[in-house]
Amino acid sequence: MSYDHQSIDGKWQKRWMEAHVFEAKNDSPKEKFYLLVEFPYPSGAGLHVGHPRSYTAIDIIARKRRMEGKNVLFPMGWDAFGLPAENYAIKTGNHPGTFTQTNIDTFRRQLQSMGFSFDWSREVNTTDPAYYKWTQWMFLEFFKAGLAYKTEMAINWCPKDLCGLANEEVIAGKCERCGTPVEKKLKSQWMIAITKYADRLLSDLEGLNYLPKIKKQQEEWIGRSEGAEIDFPLLTKEGAKGRLEDSITVFTTRPDTIFGVTYVVLAPEHPLVASIVSDEQRAAVDEYVASIKSKTDIERGDDTKEKTGVFTGAFVTNPANNEAVPVWIADYVLGHYGTGAVMAVPQHDERDRAFSEAMNLPIVDRPLVSFEEAVAKTGGRQKTTYKLRDWVFSRQRYWGEPIPLVHCEKDGWVAVPTEELPVVLPNVENYQPTENGESPLANIESFVNTKCPQCGGAAKRETDTMPNWAGSSWYFLRYTDPHNDKEFASKEALKQWMPIDIYNGGMEHTTLHLLYSRFWNKFLFDRGYVPTSEPYARRHSHGMINAEDGRKMSKSWGNVVNPDEVVGQHGADTLRVYEMFMGPFEEMVPWSTNGVIGVRRFLDKAIRMSEKIADVEDVEVTKMLHKTIAKISGDIEGFGFNTAVAQLMMFVNVVQEKGAITKESLRLFLRTLVPFAPHVANEMWEQLGGTGFVEEQEWPVADASMLKDDTVEMAVQVNGKLRGTIVVAADEVEEIIVKTARADENVAKYVVDEPKKVIVVKGKLVNFVV
RNA sequence: GCCGCGGUGGCGGAAUGGUAUACGCGACGGACUCAAAAUCCGUUUCUCGCAAGGGAUUGAGGGUUCGAGUCCCUCCCGCGGCACCA
C-alpha cells in the first residue's frame with residue numbers, strides 16, 4: 001500500500017468543496033480567528049513553489065484552529081492589476097483582463113490541487129469593477145479629507161516602463177520591477193499624505209506582535225529624528241540679491257554644535273538658490289545645478305565620491321554668535337529632507353568635514369552648549385522630521401484603477417459622485433503608454449471628455465491610474481463581507497473579524513504593502529469605517545525557496561521547479577509536507593529533489609501503518625504518540641513546522657519498529673497529521689471506518705501521564721567529560737543516582753578518590769569534579 | 001559605512017547552559033529478487049584501536065561556568081535591509 005495520490009487527492013478536494021467545510025460563518029457564536037496570507041499576483045508563469053510554502057504553513061494553523069473549535073476565516077484572492085498583464089497586452093493587442101482571467105483560473109486550479117483550506121466563497125479580485133469601485137471610493141475619501149493632492153514634483157521615473165514610481169519602488173536607485181536606473185522627471189502627480197500618519201505608524205508598532213526585524217525595518221523606513229529648525233538671517237553682500245529680512249532655515253539634530261558652524265549649505269534644488277546667488281557666482285552656480293539635474297539618484301547617492309559644491313556669493317549670520325558665514329550649494333544636501341539646508345559643523349560631522357577639506361573651508365572647534373540653550377539662544381524651534389515621504393499615487397499606465405476625479409476649468413478637481421462609481425476602465429486600441437508620460441487613457445476622447453459633476457460644464461477626466469498597491473491596501477477588509485454591494489464591508493462583518501490574528505507575507509513587502517495598508521486602515525479608522533486602528537495583530541514572514549543550485553529560481557537559469565509537476569508525480573501532501581520539512585520557515589532554503597522523495601517515503605510509510613493495526617501496542621508507541629501530540633501542538637504555534645514534521649516521522653518510525661498500533665492510537669495520530677497531509681489523513685481515516693472528515697474532529701490533547709518515562713538514561717561526566725551513562729528510576733533520589741554512577745566501571749576508573757564536588761541534574765546528568 | 005540575522009557531518013538541518021550531530025537526503029554493507037525497482041535490516045562527524053576504550057570537533061581566538069553550539073569580549077566570513085537623512 002502506498003499514497004495513491006492520483007485518486008486520493010482529487011477525491012478529498014471534491015468532498016471538502018461539496019461539504020463547504022472550510023467556509024467561515026459571519027454569524028457563528030464560535031470565537032473568530034482570521035488568518036491571512038498575501039494574495040498573489042496571478043502571473044503568466046503560474047504558481048511558484050515559493051507560494052505553497054507560506055500557504056501550507058498558515059493552512060496548518062487554520063486547520064488546527066478549526067479543530068480547536070474556532071470560527072476560522074482563511075481567504076484567498078487576486079492582486080491582479082500589474083505590469084506583466086499590461087506588457088502582454090502591449091505585445092499582443094489583447095485586453096490585459098483576458099490574460100489575467102486565464103492566469104487566475106490557473107492559479108485557482110493549482111491552489112485547489114494542493115488542498116488548501118481556503119474559503120473560496122470569499123474570493124476577491126482587485127480588477128473586478130465591483131471591487132475597485134470601493135478602491136476608488138476610498139481614494140475619494142482621502143481626497144475629501146485633504147490627504148490626496150496633486151503636485152508638480154520631481155518624481156522617480158523609469159525610462160523603460162515609462163512610468164512614475166513611488167519612493168518605495170526604487171531599490172538602490174533602480175526600478176524595482178525592471179532594474180533600470182531611475183531618472184528624475186518633473187511631473188504633476190497625485191500624492192497621498194502618508195507622512196501625516198508617520199508618527200502613529202511608528203508609535204503604534206509598539207503594541208503589535210510583529211517579528212522584531214519587521215518592526216525594525218518599518219521604524220527605519222519611517223526614520224523619525226528629533227532636532228531643531230534654526231534661522232540664519234541673510235546678509236546682503238556686494239552683488240547678492242538676498243534681502244535682509246530673508247533667512248535660511250536649517251534643520252539640525254545637533255543644535256548644541258552651533259558654535260562650530262563655518263558655513264551653510266543648500267541643496268541644489270533649494271528654492272532660495274536662484275534669489276541669493278551673486279552675479280559673480282551665477283554662472284558657476286547655474287552650471288553646478290544643471291550638472292546635478294542630469295545625474296541619476298545612484299550617481300548622486302554615491303557617498304564614496306569626492307564632495308562637490310559651489311559658493312553662492314551669499315552670506316548668513318550665525319544667530320548664536322552673529323558671525324557671518326558663507327552659503328554654499330552642494331549635492332550632499334538633499335532637497336527633500338528637513339528644510340533642504342544644513343548648518344555645516346566640520347568639527348562634529350564627517351560629511352561636513354569632508355566637504356570643508358575638499359573646498360578648503362575652515363574647521364573650528366567651538367564650545368558645545370546644551371540642546372535647549374542653543375535652541376533658546378538662536379530663536380530656534382524644536383522639530384521632528386521623518387525620512388518617510390508622501391506616497392506617489394499616480395501611474396501613467398492602463399492596467400490600474402482609474403483615479404475617479406474630473407478636472408473642471410471652473411471648479412478645479414472634482415470627485416466623481418459615489419453613485420457614478422466605479423469609473424470603469426474603457427477599452428483602448430493601444431496599451432502602450434505615451435513617450436511624454438501619459439496613460440493610454442489620455443487618447444480616448446469619449447473617456448476624457450465629460451461633464452463637471454458640480455457645475456455641469458465641460459470637464460476632463462484624470463487619465464492616470466492608481467498604483468497596484470491600492471487594491472492590496474484594503475483587500476483584507478473586503479474578505480469579511482465580499483459580496484456586499486452597498487458598502488465595502490458592513491460594520492458588523494468588520495467588527496466580527498478584524499483585526500487579522502496572523503498575517504504572513506514576504507519581507508520584501510515590509511516597507512511597501514505592509515506600511516501602506518497599515519496607513520490605509522488607520523485612515524479608514526479615523527473616518528469611522530473600520531473598528532481597529534491596526535489591521536494586523538501579528539505579522540510573520542517566510543523565507544524564499546531557491547533552486548537546487550542555490551541560485552534564485554529563474555527561467556533564464558532554467559532551474560525553475562513547477563509545483564504542478566511535484567503534485568502530479570508525488571501528490572499534494574508530498575509537496576505540502578516537504579515544503580514544511582525543508583528548513584526553518586523564516587529562512588531561505590534551496591530546493592532538493594531528493595528531499596521531496598524522502599517525504600514521499602514517509603507518507604507511504606504512514607499509510608502502511610494501517611497494515612499494522614492490532615489489539616495491543618507496545619507502550620513505547622503509546623508514549624511516542626502523546627509526545628508527538630504535545631510536540632506538534634507546540635511547534636505549530638511557534639512556526640516550527642520543520643521540527644513538527646520530524647516528530648511525525650519519528651512516530652511512524654517507532655510504529656514500524658514495534659510492528660503494531662491500535663486503531664485508537666492511529667486515529668489520534670491522524671488528527672495531528674491532518675493539517676500537514678490532509679489527503680492522506682482523511683483517506684486513512686475513512687479506511688479505519690471513520691465518518692466525515694478528520695478536520696471535524698477535535699484537536700487532540702496529550703495525556704500528561706504518558707509524557708513521563710519511568711526510567712531515565714543519565715549521562716555521567718567526570719570533570720565535564722562524558723564517561724558513561726546510567727539508567728535509573730525517573731524519581732530516584734540523588735544519593736542512589738550518585739552511587740549508581742560511581743558503580744559504572746568506566747566512571748570508577750576516573751573517580752578514584754572522593755570527588756571534590758558532585759553536580760546532579762535530575763533526569764539529565766551527574767558530573768563528578770575530581 | 002550603519003543596522004539585523006547567520007556560520008554545526010558529504011548535503012538540508014536539530015538541540016529550555018546539561019549525553020552535539022535529532023529528522024531527512026546521500027553513501028556503504030546486507031536481505032528479498034533470475035535481475036532491477038520498490039521495500040526491509042544494519043553502518044555512517046573525524047581520528048587512533050582487533051576490541052574495550054581514547055582523542056578531537058559546532059568559523060578563529062580568548063573569557064565566565066562543575067559544564068558553553070548556546071552567555072560575554074575581540075576578530076573573520078556569508079546573507080538581508082538601509083545608505084551623504086544633517
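To find a chain, count down the sequence lines: A is the first, B the second, and so on, and within it residues start at 1.
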Open item on the list: Looking only at the side chain of A/Q717 (C-beta and beyond, no hydrogens), which of the listed nucleotides B/A14, B/G24, B/G18 gets closest?
Closed with: B/G18
- [ ] Map A/I759 and A/M582 onto RNA chain B by nearest heavy atom, then report which one ends up closer to the 5' terminus.
- [x] A/M582
Open item on the list: If the cut-off is 4.0 Å, is A/N642 near the phosphate of B/G13, judged by side-chain N/O to OP1 or OP2?
Closed with: no
Open item on the list: Of the options B/A86, B/A14, B/A56, whose atoms approach the side-chain atoms of A/T253 most closely?
Closed with: B/A86
Open item on the list: Please pick, from B/C66, B/C23, B/G26, the nucleotide with the shortest atom-to-atom distance to any side-chain atom of A/M650.
Closed with: B/C23
Open item on the list: Please name the nucleotide paired to B/U39 by Watson-Crick or G-U wobble geometry with both distances under 3.5 Å, or report none.
Closed with: B/A31
- [ ] Determine: side-chain N/O of A/R723 to OP1/OP2 of B/G53, distance under 4.0 Å, yes or no.
- [x] no
Open item on the list: Over all strands shown, is A/K216 touching base, sugar-phosphate only, or nothing at heavy-atom distances under 4.0 angstrom?
Closed with: sugar-phosphate
Open item on the list: What's the gap between B/C11 and B/U16 when it is taken at their P atoms, as a whole Å value?
Closed with: 23 Å
- [ ] Can you tell me, in whole Å, how much space there is between the C1' of B/G67 and that of B/G18?
- [x] 7 Å
Open item on the list: In the structure I gave you, are the side-chain heavy atoms of A/V560 and A/V49 within less than 4.5 Å of one another anywhere?
Closed with: no
Open item on the list: Can you check the distance between B/A20 and B/G7, where both ends of the measurement are the C1' atom (answer in whole Å)?
Closed with: 16 Å
Open item on the list: Is there a side-chain contact between A/Q656 and the phosphate of B/C41, meaning an N or O under 4.0 Å from OP1 or OP2?
Closed with: yes
Open item on the list: With rounding to the closest Å, how many angstrom separate the C1' atoms on B/G69 and B/A56?
Closed with: 16 Å
TODO: May I ask you to say what A/V769 touches in the nucleic acid, namely base, sugar-phosphate or nothing, with a heavy-atom cut-off under 4.0 Å?
DONE: sugar-phosphate
Open item on the list: Classify A/K605 by what it touches in the nucleic acid, base, sugar-phosphate, or nothing, heavy-atom distance under 4.0 Å.
Closed with: sugar-phosphate
- [ ] Give a yes/no on whether any side-chain N or O of A/N546 is located under 4.0 angstrom from OP1 or OP2 of B/G12.
- [x] no
- [ ] Answer yes or no: does atom NZ of A/K762 have more than 12 heavy-atom neighbours from other residues, nucleotides or ligands under 6.0 Å?
- [x] yes
Task: Counterpart residues, side chain to side chain donor-acceptor pair (under 3.5 Å), relative to A/Y386 (two or more places apart) - done: A/D199, A/R224
Open item on the list: Please report the distance separating the C1' of B/G17 from the corresponding atom of B/C5, rounded so that it comes out in whole Å.
Closed with: 22 Å
Open item on the list: Regarding A/D604, tell me which of base, sugar-phosphate or nothing describes its non-hydrogen contacts under 4.0 Å with the strands shown.
Closed with: nothing
Open item on the list: Under 4.0 Å, heavy atoms only, any strand: does A/Q647 hit a base, just the sugar-phosphate, or nothing?
Closed with: nothing
- [ ] For A/E226, look at atom CD and say whether over 12 heavy atoms of other residues, nucleotides or ligands are found less than 6.0 Å away.
- [x] yes
Open item on the list: Is there a side-chain contact between A/R601 and the phosphate of B/C25, meaning an N or O under 4.0 Å from OP1 or OP2?
Closed with: yes
Open item on the list: Distance criterion of 3.5 Å, no angle test: do you see the side chain of A/K307 paired donor-to-acceptor with the base of B/C84?
Closed with: yes
Open item on the list: Using a heavy-atom cut-off of 4.0 Å across all strands, would you classify A/K756 as base, sugar-phosphate, or nothing?
Closed with: nothing
TODO: Take atom C1' in B/G10 and the same atom in B/U43, then report the distance between them in whole Å.
DONE: 16 Å
Task: Pairwise C1' distance for B/G12 and B/U8, with rounding to whole Å - done: 12 Å
- [ ] Look at the side chain of A/D349 and decide which nucleotide, out of B/C23, B/U19, B/A86, has an atom nearest to it.
- [x] B/A86
Open item on the list: Within the 4.0 Å heavy-atom criterion, would you say A/G223 contacts the bases, only the backbone, or no part of the nucleic acid?
Closed with: nothing
Open item on the list: Counting neighbours of NZ on A/K377 that are heavy atoms of other residues, nucleotides or ligands and sit closer than 6.0 Å, is the number greater than 12?
Closed with: no
Open item on the list: Categorize A/V345 for me: base, sugar-phosphate, or nothing, with a 4.0 angstrom heavy-atom threshold over every strand shown.
Closed with: nothing
- [ ] Check every atom of B/U19, B/G24, B/G26 against the side chain of A/N594 and return the nucleotide holding the closest atom.
- [x] B/G26
Task: Under 3.5 Å on both distances, the Watson-Crick or G-U partner of B/A83 - done: none
Task: Touch class at under 4.0 angstrom, heavy-atom based, for A/Y750 against every strand present - done: sugar-phosphate
- [ ] Please check the phosphate of B/U65 (OP1 and OP2 only) for any side-chain N or O of A/K757 closer than 4.0 Å.
- [x] no
Open item on the list: Within the 4.0 Å heavy-atom criterion, would you say A/S225 contacts the bases, only the backbone, or no part of the nucleic acid?
Closed with: sugar-phosphate
Open item on the list: So if I take every side-chain heavy atom of A/A646 and compare against B/C23, B/G12, B/G81, which nucleotide ends up nearest?
Closed with: B/C23
TODO: Name the closest nucleotide to the A/W221 side chain, picking from B/G18, B/G12, B/A83.
DONE: B/A83
TODO: Would you kindly give the CE-to-P distance between A/M544 and B/G12, to the nearest whole Å?
DONE: 17 Å
Open item on the list: Rounded to whole Å, how long is the line connecting atom CG of A/N719 with atom P of B/U65?
Closed with: 15 Å
Open item on the list: Quick check on B/A86: is either OP1 or OP2 less than 4.0 Å from any side-chain nitrogen or oxygen of A/Y332?
Closed with: no
Open item on the list: Taking B/G29 as the reference, what is the distance to B/U64 when you measure between their C1' atoms (whole Å, please)?
Closed with: 47 Å
TODO: Under a 3.5 Å limit for both distances, which nucleotide forms a Watson-Crick or G-U wobble pair with B/G78, could you say?
DONE: B/C5
TODO: Look at atom CD of A/E735 and say whether more than 12 heavy atoms of other residues, nucleotides or ligands are closer to it than 6.0 Å.
DONE: no
Task: Phosphate-side-chain proximity, A/R608 and B/C40, N/O vs OP1/OP2 below 4.0 Å - done: yes
Open item on the list: Against A/R600, only a single residue in A/H5, A/Q569, A/H570 fulfils side chain to side chain donor-acceptor pair (under 3.5 Å); can you say which?
Closed with: A/H5
TODO: Please report, rounded to the nearest Å, how far the C1' atom of B/U65 is from the CG atom of A/L765.
DONE: 14 Å
Task: Nearest-nucleotide 5' precedence on RNA chain B, A/F581 against A/E657 - done: A/F581
Task: Nearest listed nucleotide, side chain of A/K764, among B/U16, B/G54, B/C3 - done: B/U16
- [ ] Could you tell me whether B/G59 is syn or anti, where syn means a glycosidic angle within 90 degrees of zero?
- [x] anti
TODO: Kindly say whether, by distance alone, the side chain of A/N767 makes a donor-acceptor pair under 3.5 Å with the base of B/C66?
DONE: yes
- [ ] Could you please name the option among B/U19, B/G53, B/C23 that lies closest to any side-chain atom of A/L722?
- [x] B/U19
TODO: Please check if atom NZ in A/K196 has more than 12 non-hydrogen atoms from other residues, nucleotides or ligands closer than 6.0 Å.
DONE: no
Task: Atom-pair distance (CG on A/N653; P on B/G42), nearest Å - done: 11 Å
Open item on the list: Base, sugar-phosphate or nothing for A/P212? Non-hydrogen atoms, less than 4.0 Å.
Closed with: nothing
Task: Aromatic A/F355 / basic A/K307 pairing, under 6.0 angstrom, 45° off normal - done: no
